[in-house]
Amino acid sequence: MKDYKVQKALGFTLYVLSVVLMSLAAYAALLDIKQRTLINTRDSLQTVLVTVQKANQILVSESQNIINHISQSASVRQLTQQVLDQPSTVSSGAALSRAIATELSYHRNQRFFVLNKDGINIASDDLSRLGQKNAIFRQHPFLVNRILNGSQAAIRSMRLPGEQASSFVPIFFITAAIHADDGEPVAAFIKIIDPKAQFSEISALGRIGDTGETYAFDRRALLLTDSRFDHHLERANLIDVGKDSLMNLYITDPGGDTLQGFKPQASNRNLPMTHMAKQATAGISGFDIKGYRDYRGVLVFGAWSWDHELGIGIASEINVDEALQPYYKTRNVFVAVIALGAVITFLLLQFIFSLLRKSAELIEKDNQVLESLVEERTQELVDAQRQLSEKNQRLEAMATTDELTKLANRRKFSNELSLTWQRNLRDGKSVAVMLIDVDSFKEYNDNYGHLEGDMCLAQVAEVLRHSHVSKRPGDLIARYGGEEFVLVLDNPSREYVMQMAQQLCDDVRYRAIPHTFTKVKVGDPVQNSELNRVVTISVGVCFIADLSGASIRETLSRADIALYRAKNAGRNCVREFLTDE
C-alpha cells in the first residue's frame, strides 16, 4: 500500500510537472508566433505605405511634367500673348483653351485654368468661365504672384462657383508659369488633379484583407481619399447620411469603438486626433503594432509617413483582430489541445503503468495536430504575403506603363536610358536613340476624331512592340508623348541601327492603317501602279559610338533634329544625325 501511495504521489507529481512544462512550452511558442505575426504585419503595412506614397509622387511628377511641357509650348505661349494683348476678344481665349485641351486630350483629367496677373480666367476647359475672376484666386489672392515667381502650390479643399454653400469640392492642382518671348512670366497655368478619381484609386489598391485601408490626409488631419467604411461612419454619425468621407471626415479618435455602438460626445472635427494623425501631422513617420484607435474607434495596427513633397500624410492600417487572427486561432488550438491532454492524462493517471504506451501515442498524436495547425497558419501568412506582392507588382506596372499603348512610359524610358548610358560609358560601348513620330497625325485626329486617333496610336504601338527592334536585352521602346515614340538600343552597330529604323518604317507602312488625309503618298508594295494613303512614321536616329564626348540631353536633341529632317524630307523615311554635319 505504501509503495502504491508513493507511486501514486510520484505519478501525480510527474503529471503536474508535465502539464506545467507543456503550458510553458506552449506559452513560449505562442509568444514567438505572435511576435512573428506582428513583425509580418508591420512589414506588410510599411511596404504598402511606401508603394502607395511612391505611386502618388509619380502621379504628381507626371502631371508636373505635362504642364511644364504645355506651358513651354510655342503655340501656347503665342496664343497666351494674343489673349493678353487683346483681353476683350473672347475668340483668342477660346483658341488658347482649345490648344491646351488638345495637349491634355490624351490624359485622364483635362480640367485646367490659365490666369492673368489679376486672377482672371483667360483660358479654361469650361469656356463659360472665361473672363471671370478665378475661384481659386478669390480664396488665395496671392496665388498668381507665387506661381509667376516660380512657386508651386497644392490646395486641399475649396468651394467652387455654382456649388451649394455647404458643399466642398476636393481638388489638388499643379502649377507652372507661361513666359513671354523675352522670358518674363505673364500668366499662371493651373492643372487640376482630382483626388477622388486618382489618389483614391491608388490608395484603394493598398487595402489588405477585409479591414486593411490606406488613406491620405492633410495637415489638419482631414481625409483626402475615400474611406472603405462610409456605411459604418454614417451609422456612428461621424459623417452625414448620403455624403462620402472624402473631405468630410477628420482623422480623430471618437473615444470608443463605434462598431460596438459607442457614440462620440463631440463632433468629428472637435475630437482629438488619433495617435497616428498626431505623429504624422507633426512630420514624424513611424508605425505602431501595439494597437491604437482609428477614426472609427476600432483598435488597429498602422504605419504612417508625412510626405513633405506633396504636403500630405499617408497611413496604412488594419484591424488588430484581423491582423492577429492567425495567432488567435493558433492560441485557441494550443489551449484546447493542452486542456484536452491534461484531462485525458488525469483520467488515465491510475492506469499509467498499464497504459503508458497508449498515453505516449496520444501525446504524439496531439503534437502532430499542433504541427499541422501551425503549418496551416504559416501557409495562410505566406498566401497573404503573395497577394500583397501581386498588388505591389500591379502598382509598379501602373507607375511605369503608358495606359494607352501599353509601352513603357517616359519616366521608365528616362530611367532606363540613364542606366544604359552610365553602364556603356563605363564599358566603352555604344548607344543609339531613335525618335519616332506618326506622320500627319494632327490631320488624322482632326478628321477621324480623338477616339480613332487613340486607336491609331495603339495600333502603331502594337507594330513597334512586335517588331524585332527591341528584342535584345537592354533595348527599350516607350511612348515619348503625344504621337511620338522613342527607342534606345544598347551597344548596337550603326548598320544595325539604320536597318532597324528602316524596318520600323516599313512595318508601320505595311500595317496599312487607312489615312485618307495624310500628306504622304505611299506606293503599294503589291500593286505599284496605285498609290495608297496609309499611316506612316518618320524616324530620327542618333548613334553615339563614344559616349565620353556626349550627353543624354545632347543625344536626344540630335535625334530630334534628325526627326525634323526626316519630316522635311517628305516623311515616311529615316534620317540620321551625323556628327560632322
Side-chain angles (χ1 to χ4, degrees), residues 54-55 57-66 68-69 72 106 396-438 457 460-461 463-501 503-505 537-566 574-579:
K54 287 184 177 179
Q57 290 173 347
I58 290 171
L59 170 65
V60 173
S61 176
E62 289 187 345
S63 297
Q64 188 65 61
N65 291 336
I66 290 168
N68 286 342
H69 173 74
Q72 295 169 10
Y106 304 105
E396 178 66 21
M398 288 176 62
T400 58
T401 303
D402 179 67
E403 182 178 357
L404 174 64
T405 64
K406 309 308 178 187
L407 299 175
N409 60 20
R410 186 164 181 171
R411 180 184 181 88
K412 172 73 172 177
F413 165 76
S414 298
N415 291 340
E416 291 297 323
L417 176 57
S418 178
L419 292 174
T420 300
W421 190 278
Q422 294 174 12
R423 182 178 63 250
N424 290 10
L425 176 62
R426 181 192 63 215
D427 298 339
K429 296 180 179 179
S430 63
V431 168
V433 173
M434 296 183 194
L435 275 179
I436 302 168
D437 186 81
V438 179
L457 289 178
V460 172
V463 174
L464 300 179
R465 185 168 54 251
H466 289 90
S467 69
H468 295 287
V469 177
S470 60
K471 299 298 184 183
R472 305 182 314 154
D475 295 347
L476 178 69
I477 187 164
R479 186 178 181 189
Y480 200 58
E483 69 271 21
E484 287 190 335
F485 301 87
V486 64
L487 177 69
V488 58
L489 297 177
D490 183 6
N491 192 28
S493 65
R494 180 179 177 278
E495 292 74 14
Y496 176 81
V497 173
M498 298 307 293
Q499 178 185 352
M500 292 299 100
Q503 180 180 326
L504 289 178
C505 275
I537 61 172
S538 298
V539 183
V541 176
C542 181
F543 171 76
I544 306 295
D546 182 7
L547 304 184
S548 61
S551 67
I552 293 177
R553 188 172 184 177
E554 181 182 12
T555 301
L556 290 171
S557 177
R558 290 178 175 181
D560 190 54
I561 292 172
L563 176 61
Y564 181 76
R565 292 175 180 171
V574 178
R575 289 294 182 270
E576 179 188 10
F577 184 94
L578 301 176
T579 55

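Side chains included, hydrogens not; waters and symmetry mates left out as well; all remaining heavy atoms used. All of these numbers come straight from a predicted model, not from anything done at the bench.
V431 has its side chain out of reach of T555: every pair of non-hydrogen atoms, C-beta onward, lies at least 4.5 Å apart. Looking only at side-chain heavy atoms (C-beta outward), N65 and H69 stay at 4.5 Å or farther from each other. Using a 4.5 Å cut-off on side-chain heavy atoms (C-beta onward), L487 and L476 make no contact. With a 4.5 Å cut-off on side-chain heavy atoms, D475 and V488 do not count as touching. With contacts defined as side-chain heavy-atom distances shorter than 4.5 Å, the pair D437/Y480 does not qualify. In this structure the side chain of D490 reaches within 4.5 angstrom of the side chain of R423, judged on heavy atoms. Two residues are said to be in side-chain contact when any heavy atoms from C-beta on lie closer than 4.5 Å; V574 and M434 fail this criterion.
Residues satisfying the side-chain contact (heavy atoms from CB on, under 4.5 Å) test with I561, not counting sequence neighbours, are S557, R565, F577. Remark: A559 engages V433, L435, C542 in a side-chain contact (heavy atoms from CB on, under 4.5 Å) (not counting sequence neighbours). Taking N491 as the reference, N424, K429, S430 meet the side-chain contact (heavy atoms from CB on, under 4.5 Å) condition, with sequence neighbours excluded. Every residue two or more places apart in sequence or in another chain that forms a side chain to side chain donor-acceptor pair (under 3.5 Å) with E416 is listed here: K412. Checked against salt bridge (charged side-chain N to carboxylate O under 4.0 Å, His left out), D560 has no partners two or more places apart in sequence or in another chain. Every residue was checked against the side chain to side chain donor-acceptor pair (under 3.5 Å) condition with S414, not counting sequence neighbours, and none meets it. Taking the salt bridge (charged side-chain N to carboxylate O under 4.0 Å, His left out) definition, one finds that E403 meets it with nothing, sequence neighbours left out. With sequence neighbours left out, A432 forms a side-chain contact (heavy atoms from CB on, under 4.5 Å) with L489, P492, V497, F543. A search for side chain to side chain donor-acceptor pair (under 3.5 Å) contacts involving R575 returns nothing, not counting sequence neighbours. Listed by chain and number, the residues in a side chain to side chain donor-acceptor pair (under 3.5 Å) with R494 are E576 (sequence neighbours excluded).
In plain terms, the two heavy atoms of R465 and T405 that are nearest each other are NH1-O, 2.9 Å. Of all heavy-atom pairs between S418 and I552, the closest is CA-CD1, 3.8 Å. Contact record, L457 with G482: CD1-O, 3.7 Å, taken as the closest heavy-atom pair. S538 and L563 get closest at one heavy-atom pair: O-CD1, 3.3 Å. Contact between F413 and V486 at its shortest, heavy atoms only, is CZ-CG2, 3.4 Å. When every heavy atom of G474 is checked against every heavy atom of T420, the shortest pair comes out as O-OG1, 4.1 Å.
A donor-acceptor pair is defined here as one N or O able to donate and one able to accept, closer than 3.5 Å; such a pair exists between the side chain of S467 and the backbone of L464.
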message: Set out, in order, the CA-CA distance, both residues' side-chain angles and the distance that settles side-chain hydrogen bond (donor to acceptor under 3.5 Å, both in side chains) for Q64 and N68, then state yes or no.
response: CA-CA 6 Å; Q64 188 65 61; N68 286 342; 3.1 Å; yes
- request: Before giving the answer on side chain to side chain contact (heavy atoms under 4.5 Å, CB included), spell out for L504 and M500 the whole-Å C-alpha distance, their side-chain angles and the decisive distance to 0.1 Å.
  value: CA-CA 6 Å; L504 289 178; M500 292 299 100; 5.7 Å; no
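Under the salt bridge (Lys or Arg N to Asp or Glu O under 4.0 Å) criterion, the residue pairs touching residues 478-487 are D402-R479, with sequence neighbours excluded.
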